[in-house]
Amino acid sequence: MKELRGWALYGALLALAAAAALATHQSRASESKVPSVDNTGPLGAKALKVYFEEGGVPVIAFRRPLTELTGSVKTLVVAGPLARRIELDEAKAVERWVRAGGTLVYLGGRGSPLAQRALDEWLELTAGPRLSETALGASVLEDLGGGSVVVGLPLGSARGLALLRVSADETVHAGGDAVPVAQTALWWRKLGDGDVWVGAGADLVENRRLELQDNLAFWDGLGARGTVAFDEGHHVAAETPPMSLALVTVAAQLLACTAVFALARGSRLGPPRPERTDRHRSSRDYLESFALLTRGARVERELVSELVGRLRLLMQERAGIPMALGHEEAARELERRCRIPAAGTA
């Protein structure tokens, strides 16, 4: 019965640990700021991907270099790439793809420490004023940090739209022949047979603003063109190159040399020895040792008699034992007075 209770308690603790781990994982996922189609948090783009899939629009999570983009993709969404830089050859490949009839939706990474210089220089992008200076429309309770912008030029996928909901932060200026569709929050540019949409940040693709104002209708127009690809490869940092074999060999040699040096110069420690205790000898110990030495040396009778006489005299002077007593009686009296065994003195 006790074993059953123990196993039940153990299972309950395991279930509690698993629930805590799952809750922690979900909280971290909801706090993610990456506008990825795998992120279900407020700043992610999972809702738009699911919306396209349920509406029958083919969706691709494009995790390869942009140089591998093909004509089967009709719309490419590059939303806030913060982890990996878009290389120059990728930007040129995207430009060729757009001129061939593709639609690029570039929602730059606002405030990103990693500037996408290749795309910014191609599209001639510079920072614009904060949206709060030009925002119009009523505030939305679900998005207190955003602002509504009026769609002034209903071009392409923005045709028929009135308001878009974006972040109340800095906007963007696009150079060349780009025109502002929704004030300075969204720009459109015709390029060859295709076109380019430019925004300051990933506002239009975020889960928290997808259903606000006419944002969803904007994506409906893009999805009607065909396959939509979300650039996911630049949301993940580039892998570090593997350590070279030569470097590993040098590191192993250094470790081996260090080990040999420590072995050669290190102090040698033998097996442990018991701690030495200093024992001070008493007068009796000296007397017994002298007696054993005398007995082993076989001292002459005359010397023994002389020693016995001196001992009896010393016993009389210091212990008050009369010399008239016999040797056995004197030994017993010495034992009584000085606690010296009579067997060792008789």
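Count residues from 1 along the sequence. All values reported here derive from a predicted model rather than from experimental measurement.
At least one donor-acceptor pair closer than 3.5 Å links the side chain of Thr171 to the backbone N or O of Pro129. Distance alone, capped at 3.5 Å, places no donor-acceptor pair between the Arg337 side chain and the Arg332 backbone. Using modelled atom types, no side-chain atom of Gln213 and backbone atom of Ser148 make a donor-acceptor pair closer than 3.5 Å. Proximity of a side-chain donor or acceptor of Asn39 to a complementary backbone N or O of Lys46 within less than 3.5 Å is not detected. In this structure a side-chain-to-backbone donor-acceptor pair under 3.5 Å is present from Trp187 to Val172.
With no hydrogens or angles considered, a side-chain donor-acceptor pair links Glu90 and His234 at under 3.5 Å. For Thr103 and Arg225, the side-chain atoms include at least one donor-acceptor pair closer than 3.5 Å. Under the 3.5 Å distance criterion, with hydrogens and angles disregarded, a donor-acceptor pair is assigned to the side chains of Asp120 and Tyr106. No hydrogens or angles considered: nothing links the side chains of Arg84 and His235 as a donor-acceptor pair under 3.5 Å.
The environment of Lys190 atom NZ is dense: over 12 non-hydrogen atoms of other residues, nucleotides or ligands sit within 6.0 angstrom.
Val181 and Trp188 make their closest contact through CG2-CB, 3.5 Å (heavy atoms, listed as atom of the first residue, atom of the second, distance). Pairing each heavy atom of Pro154 with each of Gly160, the nearest pair is CB-N, 4.0 Å.
Applying side-chain contact (heavy atoms from CB on, under 4.5 Å) to Trp219 and the options Val105, Thr75, Val228 leaves one that passes, Val105. Partner of Phe218 under the side-chain contact (heavy atoms from CB on, under 4.5 Å) criterion, out of Asp214, Leu216, Leu222, Asn215: Leu222 alone.
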Go through the steps to decide whether Arg208 and Asp203 satisfy the test salt bridge (Lys or Arg N to Asp or Glu O under 4.0 Å), and finish with yes or no. CA-CA 9 Å; Arg208 60 179 176 175; Asp203 312 331; 5.9 Å; no
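No salt bridge links Lys92 with Glu95; every basic N to acidic carboxylate O contact stays at or beyond 4.0 Å.
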